[in-house]
Asks: 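My questions will all concern the structure given below.
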Amino acid sequence: MNTAFETYFTALRGKRIAVLGLGVSNRPLVRLLLEFGCDVTGCDRTPRDKLDQEVLDLEEMGCKLRCGDTYLEGVEADVLFRTPGMHPGNPAIRGLAEKGAYVTSEMEVFFEVCPCNLIAVTGSDGKTTTTTLISEMLKADGKQVWLGGNIGTPLLPLVRQMQEDDFAVVELSSFQLMDMTRSPARAVVTNLAPNHLDVHKDMDEYVEAKKNIFAFQNEKGLLVLNHDNAITDAFIGNGKTVKFSRQAEAHVCLKGDMITRGGEAVLNVNDILLPGVHNIENYMAAIAAVEGLVSDETIRHVAKNFGGVEHRIELVRIKDGIRFYNDSIASSPSRTIAGLRSFKEKVILIAGGYDKHIPYDVLGPEVCEHVKKLFLCGATAPQIRAAVENCGMEQPEITDCGDFESAVRAAAAAAECGDVVLMSPASASFDQFKNFMVRGEFFKKIVKEL
């Protein structure tokens with residue numbers, strides 16, 4: 001029996017295919033295209049002498065490589081696969097589209113050919129934990145789950161293993177959503193705050209990209225929104241919309257210590273293993289998303305046993321009574337604020353990094369309230385310092401350290417028994433690291449060597 005997957009890739013034979021960006025998600029895509037006999041050109045800014053062996057192996061398999069600063073010059077294609085990190089408005093992409101090239105992406109194709117139930121999550125903060133919670137709840141209820149998208153394994157190559165009754169649970173970034181023309185049956189938007197304004201031309205574009213997660217749902221679609229976030233609360237879906245709230249009455253809300261759904265008690269927040277009120281919100285979003293799919297008993301089981309996702313307020317080590325936490329995922333002020341509010345005591349904070357051109361004003365009061373010593377590094381150090389100094393509150397001790405490693409070591413040296421050292425940068429990692437995961441691993445390496 002011919003599947004949608006086979007039909008799609010078979011139809012690409014004889015067409016000129018250009019894959020822009022040879023990162024984690026696009027490498028399996030290139031292998032698939034080559035498997036189906038397609039004419040593939042892989043384009044990547046990385047100079048040839050710095051390419052991974054995995055990319056060079058693609059050339060051995062038949063992919064034509066274009067590398068270095070001129071990687072987009074002279075590209076000709078009938079079909080263009082955009083990497084998530086490349087803006088659809090890139091002149092090279094626009095130029096090829098004007099010549100008749102069809103522009104798509106690995107994620108767009110996955111949504112087109114996926115044979116099973118689709119649940120997707122986006123937002124500025126909490127999307128990875130919420131996506132993982134939904135996956136854990138479904139798995140604990142005995143369902144076959146495929147976790148991917150912006151986290152985990154690229155899902156497109158796994159489509160041939162998926163069955164109709166399975167669930168694909170997908171995290172989607174604004175970059176992936178920008179030119180999507182399909183939406184999942186169940187969509188979750190955790191919250192929205194300024195983020196990635198180094199790539200998006202403005203906040204409006206960022207918000208419009210996020211809307212694509214539900215824009216193409218039909219009347220049978222389910223949209224889960226955060227009632228406490230002004231931006232998401234104003235969204236209007238095409239199908240059924242349910243909201244969750246920690247602060248007000250909603251379909252899923254907090255009454256005392258109890259998360260309720262439709263007025264019925266589901267989960268006592270004291271049973272949630274993850275620290276922080278933001279994780280209560282993540283649970284509420286997940287509970288709304290799995291309604292009718294998972295038993296309340298299963299939800300409670302997951303809450304009592306799920307220890308969290310790596311690089312998200314991850315306890316790395318306790319040394320001499322000092323607790324070291326890795327919150328490298330916190331690449332925005334709102335994410336760091338959530339991390340700071342997770343601790344009862346004032347913490348020693350390591351912050352700063354790559355500048356995404358987002359405002360830091362909101363971070364100042366939170367640092368003054370929750371931090372006793374602040375160690376700064378990276379391009380955003382002056383902005384974070386200014387936010388703290390200009391908020392009109394009593395300030396913690398602030399030390400500028402220049403680079404990341406110096407900040408970590410200085411913070412560790414300043415800590416005493418009973419202290420919490422929290423690496424929660426409120427900034428992206430790209431000034432010194434490939435991504436937040438590499439930054440988090442480096443932090444853990446330093447801490448474990450102390």
Side-chain angles (χ1 to χ4, degrees), residues 117-153 155 166-173 184-191 213 222-229 232 242-246 250-254 257-262 265-315 327 329-330 334-335 338-339 341-342:
N117 303 290
L118 262 171
I119 302 176
V121 179
T122 196
S124 297
D125 303 315
K127 57 184 179 291
T128 298
T129 298
T130 301
T131 304
T132 307
L133 285 174
I134 293 169
S135 171
E136 291 294 317
M137 291 173 184
L138 291 167
K139 285 193 294 184
D141 215 60
K143 297 173 173 59
Q144 176 65 51
V145 181
W146 306 86
L147 176 67
N150 202 42
I151 57 172
T153 305
L155 293 177
D166 294 352
F167 286 83
V169 184
V170 183
E171 176 190 323
L172 295 175
S173 69
R186 297 189 179 209
V188 180
V189 188
T190 58
N191 52 62
I213 198 170
L222 174 68
L223 174 60
V224 178
L225 298 173
N226 186 343
H227 176 61
D228 300 336
N229 182 269
T232 59
V242 300
K243 297 183 179 181
F244 64 92
S245 173
R246 190 169 53 83
H251 183 65
V252 177
C253 61
L254 191 61
D257 288 336
M258 189 65 65
I259 295 175
T260 66
R261 183 181 56 211
V266 177
L267 174 65
N268 191 308
V269 297
N270 295 311
D271 290 336
I272 296 175
L273 190 58
L274 302 179
V277 294
H278 62 292
N279 279 315
I280 294 174
E281 295 177 351
N282 293 336
Y283 264 94
M284 289 193 291
I287 287 168
V290 300
E291 184 170 9
L293 302 176
V294 168
S295 71
D296 293 351
E297 290 78 11
T298 296
I299 291 171
R300 290 189 282 269
H301 171 79
V302 170
K304 293 175 181 177
N305 292 278
F306 178 64
V309 183
E310 190 179 18
H311 308 300
R312 291 154 179 83
I313 317 182
E314 173 194 9
L315 179 60
D327 195 29
I329 187 62
S334 57
R335 198 66 177 253
R341 292 177 178 176
S342 299

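The figures that follow rest on heavy atoms only: side chains count, while hydrogens, waters and symmetry mates do not.
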Asks: Among all residues two or more places apart in sequence or in another chain, which pass the side chain to side chain contact (heavy atoms under 4.5 Å, CB included) test with S245?
Replies: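 S245 satisfies side chain to side chain contact (heavy atoms under 4.5 Å, CB included) with H227, D228, Q247, A248, A250 once adjacent residues are dropped.
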Asks: Rounded to the nearest 0.5 Å, what separation is found between the CG atom of L225 and the NE2 atom of H251?
Replies: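 Result: 12.5 Å between the selected atoms.
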Asks: Could you walk me through whether R312 and T129 satisfy the side-chain contact (heavy atoms from CB on, under 4.5 Å) test, starting with their C-alpha distance in whole Å, then the side-chain angles of each, then the deciding distance to 0.1 Å, before giving a yes or no?
Replies: CA-CA 8 Å; R312 291 154 179 83; T129 298; 3.7 Å; yes
Asks: Using the side chain to side chain contact (heavy atoms under 4.5 Å, CB included) definition, which of the options V309, N279, I280 pairs with L274?
Replies: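 It is N279; the other options fail the test.
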Asks: Would you say that L293 contacts I119 through its side chain, given a criterion of any heavy-atom pair below 4.5 Å between the two side chains?
Replies: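 L293 reaches I119 side chain to side chain.
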Asks: Under a 3.5 Å cutoff, is there a donor and acceptor pairing between the side chains of Q144 and D166?
Replies: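 On atom types as modelled, these side chains do not qualify, holding no pair under 3.5 Å.
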Asks: At their closest point, which heavy atom of I313 faces which heavy atom of S342, and how far apart are they?
Replies: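 Closest pair (atom of I313, atom of S342, distance): CD1-OG, 3.5 Å.
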Asks: Work out which heavy atom in A120 is nearest to a heavy atom in L172; give both atom names and the distance.
Replies: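 Scanning both residues, the minimum pair turns out to be CB-CD1, 3.9 Å.
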Asks: Ignoring hydrogens, what is the shortest heavy-atom contact between L155 and L147? Give both atom names and the distance.
Replies: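 Reported closest heavy-atom pair: CD2-O, 3.7 Å.
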Asks: Between K143 and N117, is there a side-chain heavy-atom distance shorter than 4.5 Å?
Replies: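 No, too far: nothing below the 4.5 Å cut-off.
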Asks: Backbone N or O of N150 within a donor-acceptor pair of the S173 side chain at under 3.5 Å?
Replies: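 Side chain of S173 to backbone of N150, a donor-acceptor pair under 3.5 Å: no, none is there.
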Asks: For the side chain of K139 and the backbone of S135, is there at least one donor-acceptor N/O pair under 3.5 Å apart?
Replies: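 It does not hold such a pair.
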Asks: Any donor and acceptor pair, going by atom type alone, linking the side chain of D141 with main-chain N or O of V294 inside 3.5 Å?
Replies: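 Checking the backbone N and O of V294 against the side chain of D141, no donor-acceptor pair under 3.5 Å is found.
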Asks: Any side-chain to backbone donor/acceptor pair from D327 onto A330? Under 3.5 Å, distance only.
Replies: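 No: the side chain of D327 does not pair with the backbone of A330.
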Asks: With rounding to the nearest 0.5 Å, note down the distance linking OG1 in T260 to CE in M284.
Replies: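 So the OG1 of T260 and the CE of M284 are separated by 9.5 Å.
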Asks: Take F244 and N226, measure what side-chain contact (heavy atoms from CB on, under 4.5 Å) needs, and give me the verdict at the end.
Replies: CA-CA 5 Å; F244 64 92; N226 186 343; 3.5 Å; yes
Asks: Sequence neighbours left out, what passes side chain to side chain contact (heavy atoms under 4.5 Å, CB included) with N268? Give chain and number order.
Replies: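 In terms of side chain to side chain contact (heavy atoms under 4.5 Å, CB included), with neighbours along the sequence ignored, N268 is linked to D257, M258, N270, D271.
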Asks: Using atom types as modelled and distance alone, determine if a side-chain donor or acceptor of R341 lies under 3.5 Å from a backbone N or O of G339.
Replies: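 No; judged by distance alone, with no hydrogens or angles, the pair does not exist.
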Asks: Mind running side-chain contact (heavy atoms from CB on, under 4.5 Å) on F306 and L273 for me, showing each step along the way?
Replies: CA-CA 7 Å; F306 178 64; L273 190 58; 6.0 Å; no
Asks: Shortest non-hydrogen contact from T190 to S124?
Replies: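 Between these two residues, the closest heavy atoms are OG1-N, 4.2 Å.
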Asks: Quick one: are Y283 and V269 in side-chain contact, heavy atoms under 4.5 Å?
Replies: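 SC-SC contact between Y283 and V269 ruled out.
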Asks: Taking atom OG1 of T128 and atom CD1 of I329, what is their separation to the nearest 0.5 Å?
Replies: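 Taking OG1 in T128 and CD1 in I329, the distance rounds to 5.0 Å.
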Asks: How far does CD of E171 sit from OG1 of T130, to the nearest 0.5 angstrom?
Replies: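 It is 9.0 Å, given to the nearest 0.5 Å.
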Asks: Mark yes or no for whether R246, through its side chain, and E281, through its backbone, hold a donor-acceptor pair below 3.5 Å.
Replies: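 It does not hold such a pair.
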Asks: Just by modelled atom types, is the H311 backbone N or O under 3.5 Å from a matching donor or acceptor in the E314 side chain?
Replies: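 Yes; at least one donor-acceptor contact below 3.5 Å.
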Asks: Please find the pair of heavy atoms, one from V121 and one from T131, that lie closest to each other, and give the distance.
Replies: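 Of all heavy-atom pairs spanning V121 and T131, the closest is CB-OG1, 3.2 Å.
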Asks: Over all heavy atoms of both residues, which pair between A285 and V224 is shortest? Give the atoms and the distance, please.
Replies: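 Answer, listing the atom of A285 first, then V224: O-CG1, 4.0 Å.
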Asks: For side-chain contact (heavy atoms from CB on, under 4.5 Å), just list the numbers for I134 and R186, CA-CA rounded to whole Å, side-chain angles, deciding distance to a tenth of an Å, and then say yes or no.
Replies: CA-CA 11 Å; I134 293 169; R186 297 189 179 209; over 6 Å; no
Asks: Taking M137's backbone N and O only, do any of them form a donor-acceptor pair with T298's side chain (distance below 3.5 Å, no angle check)?
Replies: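 Here the side-chain-to-backbone pair does not exist.
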